[in-house]
Amino acid sequence: MRELLVVLNTRAQSFLKRAFELRWHTVVQNLASFLIVGGFTVAVFFVSRFATDYLITQAHIGLFLFHRFLSMLLYVFFITVNVGNMIVSFGTLYRSQEVGFLMSLPISHAKIFLIKFVDNFFYSSSTLTLLGLAMLLGYGSYFDMPWYFYFVVIFFVMLPFMLIAGILATTTLMLLIQLGTRIGFRLLLVLLLCCYALSVYGYFQVTNPMSLVEEVMKLWPNVNDYLGYLDPPLVKFLPNHWVAEFLYWSIHNDYGRALPYFTLLLLTMLGLIALAGLIARKYYYESWLAVSDLRATKSARNSTQPGTFQLGSGGLFTPQLNVLLRRDFSLFLREPSQWLHLMLMFLLLVMFLVSVATMNLRFDQPATQANAFLTVFLFNSFLVASIALRFVFPMVSLEGDAFWTVRTSPLVLRRLYWYKVLVSLVVVLGIAETLTVSSAYLFAHDWHLTVVACAITFFVVITLVGANVAAGGYFAAYKERNPIRIASSQGASLTFLGSMGYLTLVTAVIIIPLNRYFNSIDFVGAATPNWAFVPLTIIAVLSMIVFIVSAAIGLKSIRQDY
């Protein structure tokens, strides 16, 4: 235990030293981080309070149904934390140079596993933790909960809830690597993707939100009564259900019924940590060796076998562009966390499109139609922002320590910067427009609305890609080899929050014209084709300003010493 505390203390001191470093660049960056993160937190707080107030006092869904919706949201949150920890932990636990150093010290493998798990957990869950706490504060303030409620929920409910998701992910990954050495990692990857897809699909099939709403509304006006008999037996064993039940009984001041769920969360967390330590003692070192052997074998095979993307072969573009494309493609394939994360995102996109196709989104009320369309649009934009942050933001940092070879080559840095912008733009734009066309057309079978949505998406993608490339250069971390850790850094969090602010402005610009459009369709039967001219012009001007400013910052940053 002493060795574990020494390493964790050293890690904490290093973090505090970086956070309170008295250099003007660091001070300005930390101050900007505080203002942006603080502002975003306040905005999420008010959104959470408004949503709670609307659903309970205006929609009259009742406290039971509200907390069942909250439980479903917590399930998605749990899966997100779990997936994030599993992806990040592969680089943290198996690809980090620090692990090789720690393995040479007289520290047990279980302690090394726990050290890296803590490091991994805070790297992959910091932004989600911020969002969760802000939403919790908005929820609690609506019910006028006392101060100790927040203390208990933050440290003894939500933290164990997230730790359960994180420790399950890292422990499962350790066992999966052991299994992968026997059945093959490709088959293992397919099975893992299928398991995640089935877990989300199966959960919402079992809970069936629409059926639950119908059953609760049959009991009107007694919708505030506890209707636990409507819960499927399976969900009672899930941590998200325990959190929702604890919150439900806490706002009723019935702590006797809330205590069992509180106890379940703590005991499950402690049990999983103890189990993870026992499994790590036996399998962590073996799994680490298996990954190291696989990397060495794959590296030797790639160095001896020529291929289509091998450097030096012919290509369709100029020699410089061919080299850059093949290098980036090879780097992408050699980093499992990259294509694994991309496959998971594509799985999420497919699930979203299937969900939209099976839902009836053509409502009778114009305001409801506009809100539903905005919800789909914002979800699409959020996915695009996530893809840009995860794959575009790290592009400059991934040049790494060998960036000096690029800078000393006859390649103009300005051309390298625009190459990164254009390649990212082509890929992200293709994904975004496919998603927009599919979801917008399925929404209303209206090609005019689909064309407008595609135009807005075009400007959104240009802005997000330009901002992420520029911010990735400004906050470049050339010493970091793990792209997921780069996308989880402080600079990445600021970039993502800035992207959310931009999307908020875009939503504010289109919400009134969109309402007028649906009103015209509803009352007149047709809408004038120029309804989108003004909002598109405003969005185009705003996007070009952000893109030009971002390009200026990015070009200046990439020329600086690294």
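Atoms considered below: every heavy atom in the structure, side chains included; atoms not considered: hydrogens, waters and symmetry mates. No experiment lies behind these values; they were computed from the predicted model shown.
Side-chain contact between Tyr502 and Ser381: absent, with no pair of heavy atoms (C-beta onward) separated by less than 4.5 Å. For the pair Leu74/Phe78, no side-chain contact is recorded, criterion being any heavy-atom separation below 4.5 Å from C-beta on. Proximity of Leu73 to Met135: side-chain heavy atoms (C-beta onward) are separated by under 4.5 Å at one or more points.
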Donor-acceptor pairs under 3.5 Å, side chain of residues 233-242 to any protein atom, not counting sequence neighbours: which ones?
{"residue": "Asn240", "atom": "ND2", "partner": "Ser71", "partner atom": "O", "Å": "3.0"}
{"residue": "Asn240", "atom": "ND2", "partner": "Ser71", "partner atom": "OG", "Å": "3.0"}
{"residue": "Asn240", "atom": "ND2", "partner": "Tyr203", "partner atom": "OH", "Å": "3.2"}
{"residue": "Trp242", "atom": "NE1", "partner": "Lys236", "partner atom": "O", "Å": "2.9"}

Under 3.5 Å donor-acceptor pairs involving side-chain atoms of residues 173-180, not counting sequence neighbours:
{"residue": "Gln178", "atom": "OE1", "partner": "Ser287", "partner atom": "N", "Å": "3.3"}
{"residue": "Gln178", "atom": "NE2", "partner": "Glu286", "partner atom": "OE1", "Å": "3.1"}

Do any side-chain atoms of residues 136-147 form donor-acceptor pairs under 3.5 angstrom with protein atoms, and if so which ones, sequence neighbours left out?
{"residue": "Tyr139", "atom": "OH", "partner": "His67", "partner atom": "NE2", "Å": "2.6"}
{"residue": "Ser141", "atom": "OG", "partner": "Arg49", "partner atom": "NH1", "Å": "3.0"}
{"residue": "Ser141", "atom": "OG", "partner": "Leu137", "partner atom": "O", "Å": "3.2"}
{"residue": "Ser141", "atom": "OG", "partner": "Gly138", "partner atom": "O", "Å": "2.9"}

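Ala110 approaches Ala280 most closely through the heavy-atom pair CA-CB, 4.1 Å. Among all heavy-atom pairs drawn from Ala258 and Ser250, the shortest one is CB-OG, 4.0 Å. Minimum heavy-atom separation, Ala165 to Asn82: O-ND2, 3.0 Å. Contact between Ile167 and Phe117 at its shortest, heavy atoms only, is N-CE1, 3.5 Å. Residues Val81 and Gly166 share a closest heavy-atom pair of CG1-N, 4.5 Å.
For the pairing with Leu272, the side chain to side chain contact (heavy atoms under 4.5 Å, CB included) check across Leu163, Leu267, Leu168 returns one residue only, Leu168.
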- After noting the C-alpha distance and the side-chain angles of Phe377 and Ile456, does the key distance pass the side chain to side chain contact (heavy atoms under 4.5 Å, CB included) rule? CA-CA 10 Å; Phe377 169 77; Ile456 297 175; 3.6 Å; yes
- Item | Residues Phe496, Phe393; criterion side chain to side chain contact (heavy atoms under 4.5 Å, CB included); working and verdict | CA-CA 10 Å; Phe496 185 73; Phe393 182 88; over 6 Å; no
- Item | ring-ring contact (aromatic ring centres under 6.0 Å, His included) assessment of Tyr150 paired with Phe155 | CA-CA 8 Å; Tyr150 303 102; Phe155 293 102; over 10 Å; no
- Task: Report the C-alpha separation of Tyr261 and Val243 in whole Å, then their side-chain angles, then the decisive distance to 0.1 Å, and conclude whether the side chain to side chain contact (heavy atoms under 4.5 Å, CB included) test is met.
- Result: CA-CA 7 Å; Tyr261 301 102; Val243 175; over 6 Å; no
- Message: For Leu259 and Tyr255: C-alpha separation, side-chain torsions, deciding distance, then whether side chain to side chain contact (heavy atoms under 4.5 Å, CB included) applies.
- Response: CA-CA 6 Å; Leu259 183 61; Tyr255 295 105; 6.0 Å; no
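With rounding to the nearest 0.5 Å, the separation of CD1 in Ile273 from CE in Met269 is 5.0 Å. Here Ile154 contributes atom CD1 and Leu159 contributes atom CG; the two are 10.0 Å apart, rounded to the nearest 0.5 Å. Between Leu383 atom CG and Ile431 atom CD1 the span is 10.0 Å, to the nearest 0.5 Å. Taken from CZ in Phe246 to CG in Leu264, the straight-line distance is 12.0 Å, to the nearest 0.5 Å. Between the CD1 atom in Ile164 and the OG1 atom in Thr268 there is a gap of 5.0 Å [rounded to 0.5 Å].
Counting non-hydrogen atoms of other residues, nucleotides and ligands closer than 6.0 Å to CZ of Phe382 gives a total of 12 or fewer. The local environment of OH in Tyr283 is sparse, with at most 12 non-hydrogen atoms from other residues, nucleotides or ligands closer than 6.0 Å.
Every residue two or more places apart in sequence or in another chain that forms a side chain to side chain contact (heavy atoms under 4.5 Å, CB included) with Ala432 is listed here: Val384, Thr457, Val461. For the salt bridge (charged side-chain N to carboxylate O under 4.0 Å, His left out) test, residues two or more places apart in sequence or in another chain that qualify with Asp254 are Arg257. In this view, Arg281 satisfies the salt bridge (charged side-chain N to carboxylate O under 4.0 Å, His left out) rule with no residue, not counting sequence neighbours.
Taking the six-membered ring for Trp and thresholds of 30 and 60 degrees, Tyr284 and Phe113 have ring planes more than 60 degrees apart, a perpendicular arrangement.
Remark: aromatic rings of Tyr248 and His252 are close, center separation under 6.0 Å.
For Asn468 (side chain) and Val392 (main-chain N/O), no donor-acceptor pair under 3.5 Å exists by modelled atom type.
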